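Since this is a predicted model, take the numbers as computed values, not measurements. Here is the naming used below: chain letters follow the sequence lines, and residue numbers restart at 1 for every chain.
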Amino acid sequence: MGIRGGHLLDLESLTAEEIISILDAARSFREVIDRDIKKVPTLRGITVVNLFYEPSTRTRISFELAEKRLSADSLSFSSVTSSVQKGESLKDTIQNIEAMRTDMVVLRHSSPGAANFLTRCCDSKVINAGDGAHEHPTQGLLDIFTMRERYGRVKDLRVLIVGDIKHSRVARSNIWGLKKLGAQVAICGPSTLLPYEIEKTGVEVFSNLDKALEGVDVVNILRIQRERQDAGYFPTLREYTLLYGIDATRLKRLNPGFTIMHPGPMNRGVEITVDVAESSDSVILEQVTNGVAVRMAVLYLLMAKEPIADKEGVLTP
Amino acid sequence: MIDLIVTGDNVIDRYNDYSGAGALYISDDKIESFEKQKADPDSVDKNARFIDAGDKIISPGLVDMHVHLREPGREDEETIITGCEAASAGGFTAVCCMPNTRPVIDSQEVVRFILSRSRFSSARVFVIGSISRDLDGKQLSEIGDMVDAGIVAITDDGKSVMNAQLMRNGMEYAGMFGIPVISHAEDMNLSKNGKVNEGYISTVLGIKGIPSIAEDIIVARDIYLSKFTNTPIHIAHISTKGSVNLVREAKEEGIIVTAEATPHHFSLTDELLRSFDTNLIVNPPIRTQADVDALHEGLKDGTIDCVASDHAPHSPEEKDVEFNQAPFGMLGLETSVGLSLTYLVHKGVLTIEGLLEKMTVNPTRILKLPYNGFQAGSLADVTIIDPDLEWIVDASKFRSKSRNSPYVGYKLRGKAVCTICNGKVVYSENSMG
């Protein structure tokens, strides 16, 4: 099955079945990228544009690799080297690019809803690669994929997300995806960084990290940005680390067989200590590998209904 | 000589507390006489234009006390002429324009410029000056000089006066000239960078929120200032349950506070923001159902005195952008009557008389406008309303220069069908002949 609407804008509006179909497809693609020849002809002739209006290393490279491994023609655009510097609007930019006959757009942008906006000003299929603090659906999917592969299930897993929930698109996408698949989700962070009425999403809310860690299977640790200190959300990074930094002693409260995750980039020694990040319970690099497979799955499923590709029989991974 | 006769079965004049049949005899720009019975077309001067409104409502001209005309400075978005044409099409014979133009309305020169530009416009323009020079929140504008030039109130609308001492000075100073201060109530530290109401929706959409307390705190402050200085304060675009409660309590205590609500705040909730439609970005933001309910309650019990549109035109290139880059504001003049009838009158929140009171006599009383309803010698400003006419909001039909309305495509029930200003028919639907 494909993805409804022909775009991937968020996980909030997906059904559990749609999420499962992406995760299942990602499993097949994970097998592809572990081969010696890591390439399939699935998206031959399809052109994908990666529009990145915010700095990104991991997500951009991950999308580019996913596109290349599916044999799509892809190109990347970064706002630093483009006409954005000349004041060209997002709408004009996409309409000009699309005039060169592109099929899909991957967008990273600082404004919530930027991907939704894009669907209204072009005909391409749009993948949201992070829009402000709204959502980062492929990150949510790759986090959930990593948990699912490790535990064989998502239902009833106890997942804790720690850190700056207020400004985190990763937290939101994780919450929606995990809740839909039946996980028990909790969040923990300083009260100033927990958004208003977040409990209405069905998560358990903590500000005491030690209490929050009790009986948890997966801890997903978010990056804390220095600018939050400057904006007055907490006094110092030092105090943040004291209250919310994950170190080895705190891990004792977790369930046996626990997993440490982090969407990156890490501030080692701030929200996570080096030994925790590099321990055998950490799947942080595994997440990165899985990211490529998940993005291949999303690209594939969004183009899956194209009849021209069906005829050539290149859609089966 | 009588130039125009307007008659019908359903005159509602809230200035003179009259509902019933009537006939207006208009000579040039004044009402020559008003009779409480229908005029017979066969027994009147044949040279006069005769408008029979039938069972449609004939009201003294409607007033929108909160409008941004954008001239001078942003004539690409609206001009005094086009804004007044939008007012006429929306049933308003008078608008009060806000001072956040470029340059700001902070001197008698700008006041006189606007008044001279409106001399041939299709609606009356009453000018509101700024509290502080260039809206800087630091130094008072030359309020006395502007009063002399004709302003009817002062405000720093668009911004809140964050310095309570300056607000106090503004209120005391304006009090000397008998004009009210209009408060745009927003604690700018609490609302900083916010775009939408802070609540579940802002959390889910990841958009920086403007909390209800940003409004409540300044409304409370300004009520205290009004009480202490014994000068009138008018709360613009009230949007929260907390503020409605504060104004209600203040009124009970006898403090001279009044308030207005906009159609978008009493008809929309932040749930709609899931569409990321930038036309829904307004300041104060559209709030929750509980706030909408509180506004309805406040309109019903008289806590909220006026309906005003906060008509705020913006160009397409400013609004057709990513969500967090779009400016605040939506059009209001051409949908205000339709929305008020649809969401207040037809839903039983207000009677038609109650609504007309909030669009005629109440703004007139607060701003001391030269209107006194249908009496001999009064200004010949009249609005004819068909309360049951169903119509679909169509951007291509807007008289306004801008198009930024989230209501495009909405089906509304009720519309102004004929507008008479200064004794001239300035707008008329086909149905009016």
Side-chain angles (χ1 to χ4, degrees), chain A residues 9-13 51 53-54 79 84 87-95 107-121 128 130-136 164-173 175-176 179 187 193-203 205 231-232, chain B residues 187-214 216 240 242 269-281 285 287-291 314-328 403-404 406 408-409:
Chain A
L9 305 178
D10 55 61
L11 293 191
E12 187 191 358
S13 60
L51 280 179
Y53 281 83
E54 270 189 340
S79 59
V84 171
E88 189 169 34
S89 72
L90 176 57
K91 184 177 176 175
D92 283 338
T93 301
I94 186 59
Q95 290 182 343
L107 178 72
R108 158 70 59 92
H109 198 286
S110 61
S111 175
N116 304 61
F117 172 71
L118 214 54
T119 63
R120 290 199 293 266
C121 43
N128 178 9
D131 59 334
H134 176 218
E135 286 222 38
H136 190 352
D164 179 2
I165 311 293
K166 191 181 185 105
H167 301 95
S168 175
R169 51 193 171 214
V170 176
R172 286 171 178 78
S173 288
I175 289 169
W176 293 124
K179 294 296 297 179
I187 58 168
L193 291 173
L194 302 178
Y196 201 73
E197 294 185 341
I198 185 72
E199 66 282 356
K200 283 195 187 169
T201 58
V203 297
V205 181
Chain B
D187 184 306
M188 311 249 292
N189 294 310
L190 284 168
S191 67
K192 194 175 169 192
N193 298 328
K195 279 282 176 196
V196 303
N197 179 56
E198 183 172 348
Y200 179 67
I201 293 296
S202 69
T203 288
V204 166
L205 301 182
I207 307 168
K208 177 82 167 60
I210 300 175
S212 56
I213 51 169
D216 301 346
T240 68
T269 68
D270 60 354
E271 275 289 336
L272 292 165
L273 290 160
R274 287 178 179 279
S275 68
F276 290 104
D277 179 357
T278 55
N279 288 326
L280 293 165
I281 302 178
R287 306 271 186 190
T288 66
Q289 189 60 49
D291 297 298
H314 283 292
S315 65
E317 60 271 22
E318 276 191 332
K319 276 288 190 180
D320 206 5
V321 295
E322 300 89 303
F323 198 82
N324 66 0
Q325 291 174 15
F328 293 112
R403 295 286 175 268
N404 54 304
V408 171

> For A:Lys91, is it the side chain, the backbone, both or neither that has a heavy atom under 4.5 Å from a heavy atom of chain B?
Replying inline: side chain
>> If you count heavy-atom pairs within less than 4.5 Å of chain B, which of A:Gly113, A:Ser89, A:Pro112 leads?
In response: A:Pro112
> Where on B:Thr278 is there a heavy atom nearer than 4.5 Å to chain A: the side chain, the backbone, both, or neither?
Replying inline: neither
>> Any heavy-atom pair between the side chains of B:Phe323 and B:Val196 that's under 4.5 Å?
In response: yes
> Counting heavy-atom pairs under 4.5 Å to chain B, which of A:His134, A:His109, A:Glu197 comes out on top?
Replying inline: A:His134
> So, A:Asp10 versus A:Ser13: side-chain donor-acceptor pair below 3.5 Å or not?
Replying inline: yes
> Are any of the side-chain heavy atoms of B:Lys319 and B:Asn279 separated by less than 4.5 Å?
Replying inline: yes
> Relative to chain B, which of A:Ser111, A:Ala133, A:Ser110 shows the most heavy atom pairs under 4.5 Å?
Replying inline: A:Ser111
>> So which residue, B:Lys192, B:Arg274, B:Lys208, B:Lys195, ends up with the most heavy-atom pairs under 4.5 Å with chain A?
In response: B:Arg274
>> Please classify the contact of A:Glu12 with chain B as side chain, backbone, both or neither, using a heavy-atom distance under 4.5 Å.
In response: side chain
> Considering only heavy atoms, which portion of A:Phe117 lies under 4.5 Å from any heavy atom of chain B: side chain, backbone, both, or neither?
Replying inline: side chain
> Among side-chain atoms of B:Gln289 and B:Thr269, is any donor-acceptor pair under 3.5 angstrom?
Replying inline: no
>> Would you compute the distance between atom CG of B:Asp320 and atom CG of A:Leu90 and round it to the nearest 0.5 angstrom?
In response: 10.0 Å
> Is A:Glu54 paired with A:Arg169 through a side-chain N to carboxylate O contact shorter than 4.0 Å?
Replying inline: yes
